[in-house]
Amino acid sequence: MPASYAYLGPEGTFTEVALRTLPEAATRELIPYVSVQSALDAVRTGEAEAAFVPIENSVEGGITTTLDELVAGEPLTIYREVLLSITFALLVRPGTELADIKTVTAHPAAQPQVRNWLRAHLPDALWESAASNADGARLVQEGRYDAAFAGEFAAARYGLVPLETDIHDAENAQTRFVLVGRPARPAAPTGADKTSVVLWQRDDHPGALRDLIDEFATRGINLMLLQSRPTGEGIGNYCFCVDAEGHISDRRMAEALMGLKRVCLQVRFLGSYPRADIAPGEARPLRAGTSDQEFLAASDWVARCQDGRF
Ligand SMILES: O=C(O)C(=O)Cc1ccccc1
């Protein structure tokens, strides 16, 4: 049996389309799962080599189910990311007209991306969430809902037709997906990489979050995502999911992570992997004093001082 990738299914999700853009997907068996949790569990149990799931969109931010799964449970690692531009089609059974639509469904992350369209065109329609956008289409095929927001490409698979296409409240809406596997050595740096971590504060004090962020700032590291998630231990208790520019093999990143390890209650490393938004060589110039050579020269100098050779 070929190695398999689990993904948020059923067939016809945006997740599947994004997964198929990865060259390595062509050599794997792609297996749809009913939820992000079940796809990630397949990795944890060894049933799948890796899982491909949505993690963030440009309209609403983090996909909280995915973040919460990565924050807790047996550690997993992000190997790769993919960005996909998203516009929705309103899929219906043949013959349905706009006036017939009383109920609509889609993945919860779709709603903020079509809310204005709904208000303008179907203000009285009842919204119910589906496990994924393709699952919504499947439920319309079964007659459980009148319409689903999904990719236009999902229509044929579920015997539906697009009543409207190119629905998007926000221009250039994008969703970010990640390929997640069991902990492994990160891929070599490309020059345009991202490092994801989860941080738990040691104690609550004024500036506690600033102290964490300073570990990146003082080493010239730009942050790309900062999302708090409740720890489940009472109101006011949060951990922080952070994406930072750079690779754990960069000295500045390694030093920032060492700093965080010292000051945080807990740090979970989620991986260093190539950025999908820019090509290697397009990364922002480093801030003066933060290159690998400068970190090495500084640590050599301290060693010489400690030796009395300054
Ligand atoms: O992949 C899908 O179809 C999903 O259900 C997840 C999702 C939700 C909203 C936008 C893109 C992907």
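Order of listing sets the numbers, starting from 1, for every ligand and every atom in it. Reckoned from all heavy atoms, side chains included, excluding hydrogens, waters and symmetry mates. Residue numbers run from 1 in the order of the sequence given.
By the side-chain hydrogen bond (donor to acceptor under 3.5 Å, both in side chains) test, Glu142 pairs with Arg138, Arg144, sequence neighbours left out.
Asn57 does not count as a contact of ligand 1, since none of its heavy atoms falls under 4.0 Å from the ligand.
For Phe177 and Phe52, the ring centers sit closer than 6.0 Å to each other. The aromatic ring centroids of Phe153 and Phe14 lie less than 6.0 Å from each other.
Taking a cut-off of under 4.0 Å to the non-hydrogen atoms of Thr15, the atoms of ligand 1 that pass are 1 (O), 2 (C). With ligand atoms numbered from 1 in the order given, ligand 1 contributes 5 (O) to contacts under 4.0 Å with heavy atoms of Ser132. Near Ile86, meaning under 4.0 Å from any of its heavy atoms, are these atoms of ligand 1: 11 (C). The distance from ligand 1 to the heavy atoms of His107 drops below 4.0 Å at these ligand atoms: 5 (O), 8 (C).
Pairs engaging residues 207-216 under the side chain to side chain donor-acceptor pair (under 3.5 Å) rule: His205-Asp211, Glu215-Arg219 [sequence neighbours left out].
Taking each of Phe177, Phe14, Phe52, Phe88 in turn, the one with a heavy atom nearest to atom 2 (C) of ligand 1 proves to be Phe14. Across Asn133, Val17, Val114, heavy-atom proximity to atom 4 (C) of ligand 1 is greatest for Asn133.
Here Asn133 contributes atom CG and Thr105 contributes atom OG1; the two are 8.5 Å apart, rounded to the nearest 0.5 Å.
Ranking the protein heavy atoms by distance from atom 10 (C) of ligand 1 puts Thr175 OG1, 3.7 Å first.
No side-chain donor from either of Tyr79 and Glu49 sits under 3.5 Å from a side-chain acceptor of the other.
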